[in-house]
There are 2 protein chains.
Amino acid sequence: MAHQVKATPHYKPDDWNIVEEISAWSHCQKYWYQSESIFALGNGYIGMRGTFEEGLSSARHPNHIGSASDEQTLVSVDGTYLNGFYESKVIKYPENAYGNAQNSQTMLNVPNGKIIRVLLSADGNIEPELLQVDTGRLETLIRSLNMKDGLLERRLVWESPVQKLRVELEVRRLVSFKRPHLAAIEFTLVPHFNGRIQLISILNGNVENVSATSDPRIGSHLEGNALIMLEAPLLMPEGGLLQQETKESGLMLVSGMLNVLRTETQHEQLPVVDTAHDGELSGDANLIRVTFEVKAENGSPITLQKFLAYSYAPKQSSTASTMSDEIQKHLTEAAQIGFDELAVEQRAYMQHFWGQADVHISGRDVALLQQGIRFNMFHLLQAAGRDGRTNIGPKGLTGEGYEGHYFWDTEIFAAPFFQYAEPEVCRQLLEYRHSILENARARARILSHPQGVTYPWRTISGEECSAFFPAGTAQYHINADIAYAVKNYVATTGDTSFLVDKGAEIVFETARLWADLGTYVPSLGNAFCIHGVTGPDEYTAIVDNNCYTNLMAQENLRYAVDVAAWLKANEPERLEHIGAGLQPPLAEEEISTWAQAADAMYIPYDEQRGLFAQDDGFFNRPAWRWDWGNRDGQKVLLNRFHYLVIYRHQVCKQADVMLAFFLLPDRATLEQKRRNFDYYEPITTHDSSLSTCTYGILASEIGYREMAYAYFMQTARMDLDDSHGNVAAGVHIANMAGTWMSVVNGFAGLRLEHGQYPGDSIPHYKPYLPDEWESYSFRVRHRQHHVLKVTITRQADTVEVAYSLLADGPSLQPLKIKHHGILFELDSQNAEQRFILADA
Amino acid sequence: MAHQVKATPHYKPDDWNIVEEISAWSHCQKYWYQSESIFALGNGYIGMRGTFEEGLSSARHPNHIGSASDEQTLVSVDGTYLNGFYESKVIKYPENAYGNAQNSQTMLNVPNGKIIRVLLSADGNIEPELLQVDTGRLETLIRSLNMKDGLLERRLVWESPVQKLRVELEVRRLVSFKRPHLAAIEFTLVPHFNGRIQLISILNGNVENVSATSDPRIGSHLEGNALIMLEAPLLMPEGGLLQQETKESGLMLVSGMLNVLRTETQHEQLPVVDTAHDGELSGDANLIRVTFEVKAENGSPITLQKFLAYSYAPKQSSTASTMSDEIQKHLTEAAQIGFDELAVEQRAYMQHFWGQADVHISGRDVALLQQGIRFNMFHLLQAAGRDGRTNIGPKGLTGEGYEGHYFWDTEIFAAPFFQYAEPEVCRQLLEYRHSILENARARARILSHPQGVTYPWRTISGEECSAFFPAGTAQYHINADIAYAVKNYVATTGDTSFLVDKGAEIVFETARLWADLGTYVPSLGNAFCIHGVTGPDEYTAIVDNNCYTNLMAQENLRYAVDVAAWLKANEPERLEHIGAGLQPPLAEEEISTWAQAADAMYIPYDEQRGLFAQDDGFFNRPAWRWDWGNRDGQKVLLNRFHYLVIYRHQVCKQADVMLAFFLLPDRATLEQKRRNFDYYEPITTHDSSLSTCTYGILASEIGYREMAYAYFMQTARMDLDDSHGNVAAGVHIANMAGTWMSVVNGFAGLRLEHGQYPGDSIPHYKPYLPDEWESYSFRVRHRQHHVLKVTITRQADTVEVAYSLLADGPSLQPLKIKHHGILFELDSQNAEQRFILADA
């Protein structure tokens with residue numbers, strides 16, 4: 001167990017807020033880069049890193065850091081991102097090979113609209129001074145990510161270095177959940193002097209992404225600004241628009257800002273709206289500037305409300321002028337409503353979310369964990385694409401790690417959260433997978449599969465972008481992961497319409513892939529084997545019969561058979577239609593080959609030791625040389641050892657067999673799970689942020705409660721304590737979902753019991769109460785409309801579990817639930833059931 | 001069997017010459033690019049492609065070919081190369097990883113000194129015309145690679161397009177074996193008109209390499225000219241020098257030319273020596289030009305002798321002026337001697353070579369094969385570095401394929417030829433491996449081996465340059481291959497001084513690597529297993545217990561034990577010295593661990609089927625889908641299928657188990673060899689040029705004579721018939737050695753029986769006569785000074801084998817030989833022994 005919760009965390013413990021409170025700039029400096037991710041806002045469409053509007057004198061983009069001789073220089077990525085908005089570039093391989101991913105895709109940093117420069121001057125002819133808290137004297141600075149309201153708030157008092165002009169600043173920022181294209185800033189200055197203040201509000205189109213580094217997880221294929229101005233900036237009174245396009249990916253982007261200034265004194269003059277050229281390369285103006293000259297009167301507040309809107313579309317589908325009109329409409333509407341009203345909308349959205357999804361714990365010293373849980377849930381909510389064309393990157397929209405690509409993280413880690421917390425979002429995430437079926441088909445052909453699909457290991461638009469295939473394209477399991485998420489989404493929500501419309505096609509196409517990929521091996525009694533793939537554990541690659549892959553492929557095949565049978569019985573025309581649309585059309589006999597392959601699936605298992613082998617050769621490999629290092633907080637192995645060295649040893653980056661145990665709980669007995677846990681846990685480095693939560697959940701299931709709790713602490717605070725040391729590149733979305741799962745699937749033991757037909761299932765809870773806690777409760781949605789609250793409370797000598805139905809859909813069946821094997825039902829008449837835990 | 005010898009080859013059959021004879025330019029055009037490799041000259045230091053001195057109007061470097069709309073445009077790489085002279089560049093990976101090769105190395109194209117432009121004009125003011133045989137009317141063109149004399153000869157008659165000026169041209173070119181820094185051209189024009197001729201002899205420093213292509217085997221990491229002028233060209237009367245340096249690799253290059261014109265008429269004026277700037281980028285002059293104005297008199301020959309010299313050195317070790325002085329000396333000496341005398345030297349060298357190494361065959365229709373054999377031997381001789389600091393690239397010095405890197409091709413394919421044909425060269429090749437021990441040590445540390453060496457899979461200077469580690473660094477077997485070559489060189493030559501001086505250190509360091517790399521696996525009865533490596537067959541990668549690797553590692557370990565024991569008995573101080581020089585020092589106990597590992601070595605073997613498994617998982621993989629293609633002349637699999645698809649199937653690029661059978665003949669019975677051959681032969685694509693010869697030799701051993709002959713025909717004519725379709729990028733050196741091996745180790749069945757001590761061995765011949773032949777004979781050197789001629793001749797009803805000692809060293813022991821198990825001795829007294837073959 002490497003990490004414990006930090007005793008003195010940088011961010012102040014608080015149930016609903018992430019608070020950074022400092023009295024001197026130097027206290028903040030060291031955390032600056034990571035705080036940009038921590039304080040990032042997003043709504044699934046727009047993401048904005050948590051930088052200061054007024055800027056810092058010492059902040060530099062990583063691409064512009066030179067010899068780093070200046071210790072005062074802050075690394076900073078003042079990023080704004082749009083989900084699904086990317087640039088593409090041909091990937092150059094030092095040794096190319098057939099079928100290599102052809103093009104990179106990088107989520108682009110889009111025009112920076114956060115900037116509000118503040119120039120202060122006392123009366124007289126003195127040179128005005130820039131408000132920048134890393135100069136002058138900072139009296140106090142407090143900023144807070146307000147998760148209840150969905151706001152980023154900041155307050156500071158500062159005195160300028162030369163003229164000693166003292167100002168108070170209060171800022172509120174939101175990225176609107178209700179209005180996907182909109183963000184807003186309220187920027188209030190209270191001068192403690194008389195003089196003049198110049199506010200320059202900027203929308204800067206000269207932005208760039210972080211360039212590639214030696215760490216394969218960070219940095220892009222791009223250099224410099226990837227956005228090309230379509231025409232000169234469009235100016236409006238107190239604002240303007242930038243119209244840009246990408247060179248290779250064929251996307252068009254419109255960014256806009258509108259500013260509204262309110263002062264108690266008179267404006268010195270009308271604001272000046274102009275443009276400028278920013279950046280090293282020559283070219284047209286790519287920056288819009290609105291300059292307000294205001295009279296500063298001691299104690300009299302000056303408030304600038306700034307509204308930002310972004311939209312992008314493929315070039316062919318949209319004209320710049322239509323998009324610009326829409327952006328202008330968003331902006332003027334927002335300005336009319338004003339920041340306060342937008343904040344009210346935002347709070348309402350958050351209230352609804354927490355009302356159906358909150359997790360609450362109580363006990364001694366749980367404040368940090370409670371904060372971590374809500375922080376992680378809040379970032380999940382901010383990360384997820386909701387339009388069926390976008391998804392969730394491993395860093396959400398908080399940073400540029402992994403270039404903003406979508407991985408299996410969505411289906412295996414985020415989807416379980418969303419299917420219970422926001423099922424509508426979960427459906428949109430899966431619709432995205434349907435939308436890229438054509439890409440996955442084309443990729444399968446390149447990989448010599450005459451039918452079926454191979455989903456890309458990493459992508460934005462659907463095209464495979466993984467440039468190192470042993471830990472990329474070789475991870476065929478992503479196909480089964482997606483089918484698995486479809487199955488579970490349909491089963492938990494009962495949303496069979498999704499299955500009929502889109503899910504079935506995904507399930508059939510992935511099943512086809514497995515049937516084609518595998519082979520019956522005579523020497524293994526004609527078992528169905530899968531060769532030459534990489535499992536979730538990337539510390540071995542291109543292996544035969546990866547246990548996880550084979551189990552998940554089997555599940556995929558069986559589900560495809562079930563779905564086909566169900567469609568045949570219930571929607572025969574639809575089955576015919578889907579089948580006829582496939583290439584070649586789906587035939588009855590083919591479906592029976594799926595069942596056959598699933599039944600014959602080879603699962604590598606050592607009878608004598610009762611161990612599932614991660615792959616055919618795993619147990620024969622030498623043990624890792626732990627004297628070489630890792631575990632206990634050292635750098636990840638992949639940054640210190642050649643892949644060949646890692647591959648050659650019995651060492652795991654992350655849960656592999658264990659993950660299969662969690663996802664397919666019936667595939668092993670409790671005793672087998674314990675035995676395998678005992679084997680795999682000590683050889684797993686958790687160098688992936690996807691690992692600890694899985695181990696924690698399994699530890700709960702097998703009764704290793706102390707370990708479960710320790711793992712939970714790691715997941716809950718991973719980003720807030722930056723225990724992986726790379727939160728600067730963005731938060732770890734999959735782990736964040738893992739925190740939620742650690743409570744709901746871990747401590748409360750939720751597993752799904754699938755019913756007779758795809759839309760049917762019973763949630764089965766086997767809760768226990770960690771010794772450290774007095775109680776915990778969580779809310780989940782079952783079958784779309786039921787909101788269930790589960791509360792586990794310590795009594796005098798026992799533990800009580802209460803299941804309460806908080807909301808009920810119209811004319812719904814009662815909700816069937818199992819509690820430690822006992823089936824019961826809740827409905828509006830009989831809305832609560834209590835149990836006493838036997839073993840507490 | 002895919003390829004047969006072409007019925008109508010492009011190059012005329014001839015025992016000692018490769019002849020291209022054409023009556024119209026269009027006949028030649030299609031073969032132009034490949035002929036540049038076929039007609040390349042070299043001496044192991046300099047290599048020059050077979051282009052025309054006077055140039056062609058339609059020839060373009062591949063980097064400058066545009067839309068290729070012009071069908072008349074010839075692809076041409078007018079290359080000159082120096083063995084070991086390279087430029088380096090940081091390798092950029094789209095997804096980098098720890099321990100990846102850091103820098104590329106590319107054998108550089110060096111200043112082109114071949115150019116002699118010819119301008120013809122009749123008397124009067126008419127615009128002169130360039131002699132270029134792809135314009136005007138070509139009456140006849142014949143060129144010939146004269147392998148007896150070591151010359152490239154050319155003769156043509158041509159008429160200019162406008163003025164219809166008729167000229168005869170005769171050219172002789174050599175790259176001197178005796179003088180490694182020197183090349184020479186004799187260029188004789190006979191005008192059949194009266195008028196003027198301008199000869200412009202050029203040394204052009206603006207040269208570039210072929211840039212990367214989609215085929216991983218062709219193209220470099222470089223773009224544009226990698227050579228930087230150190231100072232302005234140094235002019236001399238009728239010549240000059242260019243001093244250049246590389247930017248990254250720290251090498252300095254001096255190239256020089258000197259021209260001597262002889263005419264029967266008077267010169268019109270003194271030659272003009274000047275410089276110019278060539279190339280797109282601006283910069284200093286990088287071209288030297290000597291212009292001769294000559295009166296053309298009908299029938300009166302004009303002869304230009306042009307001498308070229310090249311030398312390079314690390315910047316720190318040499319000053320440009322010292323090198324320039326040496327080059328000048330080489331040139332003036334050559335000019336004094338004259339071309340004729342250089343040609344005499346060259347002939348003497350070749351006479352000596354053929355005298356001790358020639359292979360001769362007779363029979364019906366053997367002309368093409370005879371030509372192929374000598375062609376291949378001649379190119380081997382041209383390819384090999386002889387200075388202990390350079391080696392042999394897979395294309396020799398004939399082209400830019402594989403960037404001129406050195407691979408295992410040297411030790412496993414070329415060394416067997418050289419140890420019998422030119423043992424001194426063989427020693428130099430192995431000395432090179434000793435010279436890069438430090439690099440191999442450093443690389444081993446990066447790969448987490450605390451001791452021992454890992455030789456680079458591909459390199460020039462010793463640094464690993466393979467940018468795709470699954471088919472690069474993972475090929476650990478190269479370490480055993482090098483140790484194997486040391487063992488066999490010492491055993492055939494008796495040169496134990498090399499073993500004492502350098503070989504032992506190589507053998508110990510490689511043995512250490514194996515001891516560290518492998519692991520005892522309890523579940524396999526504590527067999528010593530080697531995990532996560534790639535064998536010679538690159539169509540599976542990163543496997544466990546590659547059969548070839550394990551067998552060769554075992555051999556390496558055993559030999560290390562033997563060498564240590566022998567040194568202890570014979571050179572105890574030397575053993576101590578070597579052992580003390582290692583890190584950590586070598587201890588007695590460590591040597592016993594080598595023996596232990598070798599004895600416990602796991603060899604994957606299927607008892608039931610009597611098959612050696614290429615690796616642990618090989619037999620379980622599905623069969624290749626031959627309906628997808630390959631064999632029978634189609635493109636290599638790696639250019640049409642994703643590596644994952646290839647890796648997943650039972651399909652081999654090249655001999656793997658079979659190669660082990662050839663190298664370690666005692667490790668399998670004849671019956672086992674036959675059984676495994678029957679299994680592996682049909683699943684091998686021979687997509688590597690290293691494969692067919694091995695299969696041919698094995699086919700001979702197991703009595704598959706028809707197949708052996710067919711394979712032999714493929715190797716013998718692979719480049720002359722361009723059966724791999726890529727000879728343009730250079731000849732296939734390993735295959736060329738394979739041709740020689742197919743005769744000596746294949747038909748004549750030579751295997752080495754190792755004796756009691758490292759320098760002791762008996763050659764064991766088991767010859768047979770292919771049905772197609774009347775006789776064949778070959779010469780080999782045994783124990784350095786013995787030159788043995790073996791002649792196999794068809795008699796009336798029998799076949800006779802004669803072993804004749806042609807030359808004998810001073811005071812040598814008699815030569816022990818085995819013939820089909822019968823031991824006999826030859827010495828100067830008893831210099832011949834004859835046998836009648838029983839089964840003929």
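Proteins get letters first, then strands, A, B, ... in listed order; numbering begins at 1 in each. All figures in this text were calculated on a predicted structure; none of them were measured in a lab.
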Contact listing (chain A partner; residues 514-529 of chain B; heavy atom under 4.5 Å): Leu517(B), Thr519(B), Val521(B), Ser523(B), Leu524(B)

Quick one: what part of His649(B) sits under 4.5 Å from any heavy atom of chain A, side chain, backbone, both or neither? neither

Less than 4.5 Å apart, any side-chain heavy atom of Arg625(B) and any of Ser448(A)? no

Donor-acceptor under 3.5 Å (His531(B) side chain, Asn620(A) main chain): yes

Hey, could you give me the CG/CD1 distance between Leu644(A) and Ile446(B), rounded to the nearest 0.5 Å? 13.0 Å

Most chain B-contacting option - heavy-atom pairs closer than 4.5 Å, from Gly99(A), Pro94(A), Gly532(A), Ser466(A): Pro94(A)

Under 4.5 Å from a heavy atom of chain A, the part of Tyr476(B) involved: side chain

Between OH on residue Tyr643(A) and CG on residue Asn100(B), distance to nearest 0.5 Å: 8.5 Å

Which residues share a side-chain hydrogen bond (donor to acceptor under 3.5 Å, both in side chains) with Thr454(A), sequence neighbours left out: none

If we define contacts as heavy-atom pairs under 4.5 Å, which of Val645(B), Asn545(B), Asp606(B) has the most with chain A? Val645(B)

For Gln614(A), all residues meeting side-chain hydrogen bond (donor to acceptor under 3.5 Å, both in side chains), sequence neighbours excluded: Asp537(A), Thr540(A)

Count the heavy atoms of every other residue, nucleotide or ligand shown that sit under 6.0 Å from CD of Glu223(B), and state whether that count exceeds 12. no

Between Thr473(B) and chain A, with a heavy-atom cut-off of 4.5 Å, which part of the residue counts as in contact: side chain, backbone, both or neither? both

Based on non-hydrogen pairs under 4.5 Å, which of Ile530(A), Ile91(A), Ile542(A), Asp616(A) is most in contact with chain B? Ile542(A)

Just to verify, what does Arg441(B) make a salt bridge (charged side-chain N to carboxylate O under 4.0 Å, His left out) with, not counting sequence neighbours? Glu438(B), Glu505(B), Glu509(B)

Please confirm whether the ring centroid of His642(A) lies under 6.0 Å from the ring centroid of Phe469(B). yes

Side chain, backbone, both or neither: which part of Tyr647(B) has a heavy atom under 4.5 Å from chain A? side chain

